[in-house]
Structures are given as C-alpha cells and as structure tokens.
Amino acid sequence: MPSAPGSARSLLRYVRQTTTLTDIALDTGYPDSTHFSHSIRQVYGLKPSDILAGSRRLALHDAAGGFRQ
C-alpha cells in the first residue's frame, strides 16, 4: 500500500482536474477510496476532499518560480 505522505502530495496533481476521490485513490495505488481517505486523515488530520478543495483555491507556482492559476 502507498504511503500517505506520498499520496497527499499526489493529490496536488489533481488540483486542476475534476477527478473523483475514488479515481485518485485507484491512481495512487489504493484498493478503494475508503483506505485512501483513512490513510490521509490518519497522517494529516484532514479529509482528502478538504485538501483538494483548499488546494483548488490556491495559486500554483511551478518549480521555476513561474505563476499559474
């Protein structure tokens, strides 16, 4: 099973997409969204849906320091 910290980082790849949490869970190696959500909540104390919702409101900066919205 994937690590929760790695999975939380991978959530950020989906910020600009309209992907479901089930799709994200399966894409990151979890058998279902329940295991995925539990792992994220256990490590970060936040629901994956809250992480996604908050991240979608943030401006993104790329590795070169560029800004994109």
**OP:** Could you check if a side-chain atom of Ile24 sits within less than 4.5 angstrom of a side-chain atom of Pro48, using non-hydrogen atoms only?
**Re:** no
Subject >> Distance-minimising heavy-atom pair for Ala25 and Ser33 >> reply: CB-CA, 3.8 Å
**OP:** Return the set of residues passing side-chain contact (heavy atoms from CB on, under 4.5 Å) with Asp23 (not counting sequence neighbours), or none when no residue passes.
**Re:** Thr19, Thr20
Original post:
Quick one: do Leu26 and Ile40 end up in the same hydrophobic cluster if we chain Ile, Leu, Val, Met, Phe, Trp and Tyr together by side-chain heavy atoms under 4.5 Å apart?
Top reply: no
